[in-house]
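Presented below is the structure to which this report refers.
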Amino acid sequence: MRRLLLCSVALLLVAAAGCGYRFSGGGDLPFGIKKIFVPMFANRTGEIGVEHIVTNDFIYEFTRSDKVEVVDKGAADAIFSGVVAAVSTETVSRTGSQNALERRVTVYLDLSLADRRGNVLWAAKRVSDDETYEVQSVKLSTERRKLAAIKVLSKRMAETVYNLLTDID
(Lines give C-alpha, C1' and ligand atoms only; values in the text may rest on other atoms or scores of the structure.)
Protein backbone atom coordinates (compact mmCIF):
# COMPACT_ATOMS: atom_id res chain seq x y z
CA MET A 1 0.00 0.00 0.00
CA ARG A 2 2.81 2.41 0.92
CA ARG A 3 4.65 1.58 -2.29
CA LEU A 4 1.51 2.35 -4.32
CA LEU A 5 1.17 5.71 -2.58
CA LEU A 6 4.81 6.62 -3.29
CA CYS A 7 4.45 5.61 -6.93
CA SER A 8 1.29 7.68 -7.26
CA VAL A 9 2.96 10.77 -5.78
CA ALA A 10 6.01 10.32 -8.05
CA LEU A 11 3.77 9.95 -11.10
CA LEU A 12 1.84 13.08 -10.16
CA LEU A 13 5.07 15.10 -9.78
CA VAL A 14 6.39 13.88 -13.13
CA ALA A 15 3.08 14.71 -14.82
CA ALA A 16 2.99 18.19 -13.30
CA ALA A 17 6.57 18.87 -14.41
CA GLY A 18 5.89 17.54 -17.90
CA CYS A 19 2.84 19.71 -18.54
CA GLY A 20 4.69 22.98 -17.96
CA TYR A 21 2.99 23.72 -14.65
CA ARG A 22 4.89 26.06 -12.33
CA PHE A 23 4.02 28.03 -9.26
CA SER A 24 3.04 31.66 -9.73
CA GLY A 25 5.95 34.03 -9.34
CA GLY A 26 8.55 31.34 -9.80
CA GLY A 27 10.30 33.02 -12.72
CA ASP A 28 12.87 35.75 -13.00
CA LEU A 29 12.25 39.46 -13.07
CA PRO A 30 11.70 40.72 -16.61
CA PHE A 31 14.41 42.23 -18.82
CA GLY A 32 17.18 40.18 -17.17
CA ILE A 33 17.08 42.21 -13.96
CA LYS A 34 19.27 40.63 -11.27
CA LYS A 35 19.93 43.63 -9.00
CA ILE A 36 17.23 46.03 -7.92
CA PHE A 37 17.03 49.21 -5.85
CA VAL A 38 13.86 49.95 -3.87
CA PRO A 39 13.75 53.52 -2.54
CA MET A 40 11.34 54.59 0.19
CA PHE A 41 7.87 54.89 -1.29
CA ALA A 42 6.34 58.37 -1.36
CA ASN A 43 3.34 58.91 0.90
CA ARG A 44 0.57 61.12 -0.50
CA THR A 45 -1.82 60.28 2.35
CA GLY A 46 -2.46 61.48 5.85
CA GLU A 47 -1.64 57.99 7.18
CA ILE A 48 1.67 58.50 8.97
CA GLY A 49 4.25 55.75 8.46
CA VAL A 50 2.35 53.73 5.86
CA GLU A 51 5.18 54.27 3.35
CA HIS A 52 7.63 52.48 5.68
CA ILE A 53 5.35 49.47 6.04
CA VAL A 54 4.74 49.13 2.31
CA THR A 55 8.37 49.73 1.28
CA ASN A 56 9.64 47.15 3.78
CA ASP A 57 7.14 44.56 2.57
CA PHE A 58 8.21 45.02 -1.05
CA ILE A 59 11.89 44.82 -0.10
CA TYR A 60 11.15 41.62 1.83
CA GLU A 61 9.43 40.07 -1.21
CA PHE A 62 12.41 40.84 -3.43
CA THR A 63 14.91 39.49 -0.89
CA ARG A 64 12.97 36.25 -0.30
CA SER A 65 14.01 35.06 -3.72
CA ASP A 66 17.52 34.06 -4.67
CA LYS A 67 16.85 35.35 -8.19
CA VAL A 68 17.24 39.05 -7.43
CA GLU A 69 19.41 41.06 -5.08
CA VAL A 70 18.33 44.32 -3.45
CA VAL A 71 21.27 46.73 -3.75
CA ASP A 72 22.15 50.43 -3.57
CA LYS A 73 21.05 52.61 -6.46
CA GLY A 74 24.50 52.75 -8.07
CA ALA A 75 24.77 48.97 -8.37
CA ALA A 76 21.20 48.31 -9.51
CA ASP A 77 20.02 47.10 -12.91
CA ALA A 78 16.60 48.61 -12.19
CA ILE A 79 14.66 50.74 -9.72
CA PHE A 80 11.33 49.62 -8.29
CA SER A 81 9.53 52.66 -6.90
CA GLY A 82 6.11 53.40 -5.57
CA VAL A 83 3.71 55.93 -4.20
CA VAL A 84 1.12 55.29 -1.53
CA ALA A 85 -1.51 57.28 -3.42
CA ALA A 86 -4.45 56.89 -1.04
CA VAL A 87 -5.69 55.17 2.08
CA SER A 88 -9.43 55.07 2.62
CA THR A 89 -11.70 53.58 5.25
CA GLU A 90 -15.35 52.73 5.13
CA THR A 91 -17.80 51.19 7.56
CA VAL A 92 -18.67 47.60 6.69
CA SER A 93 -21.10 46.74 9.47
CA ARG A 94 -22.78 48.59 12.29
CA THR A 95 -25.18 48.29 15.17
CA GLY A 96 -27.86 50.91 14.84
CA SER A 97 -27.26 54.00 12.78
CA GLN A 98 -24.26 55.38 14.70
CA ASN A 99 -22.08 52.54 15.99
CA ALA A 100 -19.66 50.87 13.60
CA LEU A 101 -18.70 47.25 14.27
CA GLU A 102 -16.26 46.76 11.40
CA ARG A 103 -14.42 48.99 8.97
CA ARG A 104 -12.50 48.27 5.81
CA VAL A 105 -9.22 49.98 5.02
CA THR A 106 -8.10 50.18 1.39
CA VAL A 107 -4.60 51.13 0.26
CA TYR A 108 -3.91 52.36 -3.29
CA LEU A 109 -0.42 52.20 -4.78
CA ASP A 110 1.17 53.56 -7.95
CA LEU A 111 4.15 51.37 -8.87
CA SER A 112 6.87 51.40 -11.49
CA LEU A 113 9.94 49.46 -12.54
CA ALA A 114 12.51 51.48 -14.46
CA ASP A 115 15.94 50.73 -15.85
CA ARG A 116 19.07 52.62 -14.73
CA ARG A 117 18.43 55.35 -17.32
CA GLY A 118 14.91 55.95 -16.07
CA ASN A 119 13.08 54.20 -18.90
CA VAL A 120 9.88 52.73 -17.48
CA LEU A 121 9.82 48.97 -18.05
CA TRP A 122 6.59 48.26 -16.15
CA ALA A 123 4.04 50.42 -14.34
CA ALA A 124 0.74 49.95 -12.56
CA LYS A 125 -1.54 52.70 -11.27
CA ARG A 126 -4.09 52.42 -8.47
CA VAL A 127 -3.09 48.90 -7.39
CA SER A 128 -5.30 48.30 -4.39
CA ASP A 129 -6.19 45.84 -1.70
CA ASP A 130 -8.37 46.02 1.38
CA GLU A 131 -8.69 44.43 4.77
CA THR A 132 -11.47 44.53 7.34
CA TYR A 133 -10.85 45.26 11.00
CA GLU A 134 -12.97 45.38 14.13
CA VAL A 135 -13.94 48.71 15.67
CA GLN A 136 -13.32 48.98 19.42
CA SER A 137 -14.88 51.29 21.98
CA VAL A 138 -11.45 52.84 22.63
CA LYS A 139 -10.21 54.88 19.65
CA LEU A 140 -6.55 53.90 20.20
CA SER A 141 -7.47 50.20 20.05
CA THR A 142 -9.35 50.78 16.80
CA GLU A 143 -6.32 52.58 15.33
CA ARG A 144 -4.09 49.66 16.33
CA ARG A 145 -6.43 47.25 14.55
CA LYS A 146 -6.43 49.50 11.49
CA LEU A 147 -2.63 49.48 11.47
CA ALA A 148 -2.60 45.69 11.79
CA ALA A 149 -5.00 45.47 8.84
CA ILE A 150 -2.73 47.75 6.77
CA LYS A 151 0.23 45.48 7.59
CA VAL A 152 -1.70 42.39 6.45
CA LEU A 153 -2.82 43.91 3.16
CA SER A 154 0.61 45.43 2.51
CA LYS A 155 2.25 42.00 2.73
CA ARG A 156 -0.42 40.56 0.45
CA MET A 157 0.03 43.37 -2.10
CA ALA A 158 3.81 42.97 -2.15
CA GLU A 159 3.52 39.24 -2.73
CA THR A 160 0.91 39.68 -5.46
CA VAL A 161 2.93 42.30 -7.34
CA TYR A 162 6.14 40.29 -7.02
CA ASN A 163 4.38 37.21 -8.42
CA LEU A 164 3.00 39.30 -11.27
CA LEU A 165 6.43 40.70 -12.11
CA THR A 166 8.09 37.30 -12.07
CA ASP A 167 5.38 35.79 -14.27
CA ILE A 168 6.05 38.20 -17.16
CA ASP A 169 7.55 36.25 -20.03
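Note on Leu164: it clusters hydrophobically with Leu113, by side-chain heavy-atom contacts below 4.5 Å among ILVMFWY residues. Hydrophobic cluster membership is shared by Tyr162 and Val107, with clusters built from Ile, Leu, Val, Met, Phe, Trp and Tyr side chains linked at under 4.5 angstrom. A continuous path of hydrophobic side-chain contacts links Val68 to Leu121 [ILVMFWY only; heavy atoms under 4.5 Å]. Cluster annotation: Phe62 and Phe37 are assigned to distinct hydrophobic clusters (Ile/Leu/Val/Met/Phe/Trp/Tyr, side-chain heavy-atom contacts under 4.5 Å, transitive). Under the 4.5 Å side-chain heavy-atom criterion for grouping Ile, Leu, Val, Met, Phe, Trp and Tyr, Tyr108 is not connected to Val83 through any hydrophobic cluster.
The side-chain heavy atoms of Val161 and Phe80, taken from C-beta on, include a pair separated by under 4.5 Å. In this structure the side chain of Met157 reaches within 4.5 angstrom of the side chain of Val127, judged on heavy atoms. At a threshold of 4.5 Å between non-hydrogen side-chain atoms, the residues Phe41 and Leu111 count as touching. The shortest side-chain heavy-atom distance between Asp129 and Thr160 does not fall under the 4.5 Å cut-off. Put simply, the side chain of Trp122 reaches to within 4.5 Å of the side chain of Leu165, judged on heavy atoms. Residues Pro39 and Ile79 are in side-chain contact: their nearest non-hydrogen atoms beyond the backbone lie under 4.5 Å apart. Using a 4.5 Å heavy-atom threshold, the side chains of Thr91 and Arg103 count as touching.
Here the side chain of Arg116 pairs a donor or acceptor atom with the backbone of Ala76 at under 3.5 angstrom. The backbone N or O of Tyr60 sits less than 3.5 Å from a side-chain atom of Thr63, completing a donor-acceptor pair. Without hydrogens or angle criteria, Asp115 side chain to Arg117 main chain gives a donor-acceptor distance under 3.5 Å.
Salt-bridge annotation for Glu159 and Arg156: absent, with no side-chain N of the basic residue lying under 4.0 Å from a carboxylate O of the acidic one. Of the charged side-chain nitrogens involved, none lies within less than 4.0 Å of a carboxylate oxygen, so that Lys34 and Asp77 do not count as a salt-bridged pair.
Here the closest non-hydrogen pair linking Ala75 and Lys35 is O-CD, 3.5 Å. Here the closest heavy-atom approach between residue Ala149 and residue Val105 is recorded as CB-CG1, 3.8 Å. Counting all heavy atoms, side chain and backbone alike, Asn43 lies closest to Gly49 at ND2-N, 4.3 Å. Heavy-atom minimum distance, Ile59 versus Val70: O-CG2, 4.3 Å. Of all heavy-atom pairs spanning Glu134 and Gln136, the tightest one is OE2-NE2, 3.1 Å. Scanning both residues, Ala85 and Arg126, for their nearest heavy atoms gives CB-NH1, 3.9 Å.
Rounded to the nearest 0.5 angstrom, Thr89 OG1 and Arg104 CZ are separated by 11.0 Å. How far NZ of Lys139 is from NZ of Lys146: 8.0 Å, rounded to the nearest 0.5 Å. If you take CD on Glu47 and OG on Ser88, they are separated by 10.5 Å, rounding to the nearest 0.5 Å. Summarising the geometry, atom CD1 belonging to Ile36 is positioned 10.5 Å from atom CZ belonging to Phe58; distances are rounded to the nearest 0.5 Å. The structure places CD1 of Ile150 at 11.5 Å from CG of Asp57, a figure rounded to the nearest 0.5 Å. How far CG of Leu29 is from OG1 of Thr166: 7.0 Å, rounded to the nearest 0.5 Å.
Enclosure of atom CG in Asn119 by more than 12 non-hydrogen atoms of other residues, nucleotides or ligands within 6.0 angstrom is indicated. For Ile48, the CD1 atom is loosely surrounded, since the number of other residues' heavy atoms within 6.0 Å does not exceed 12.
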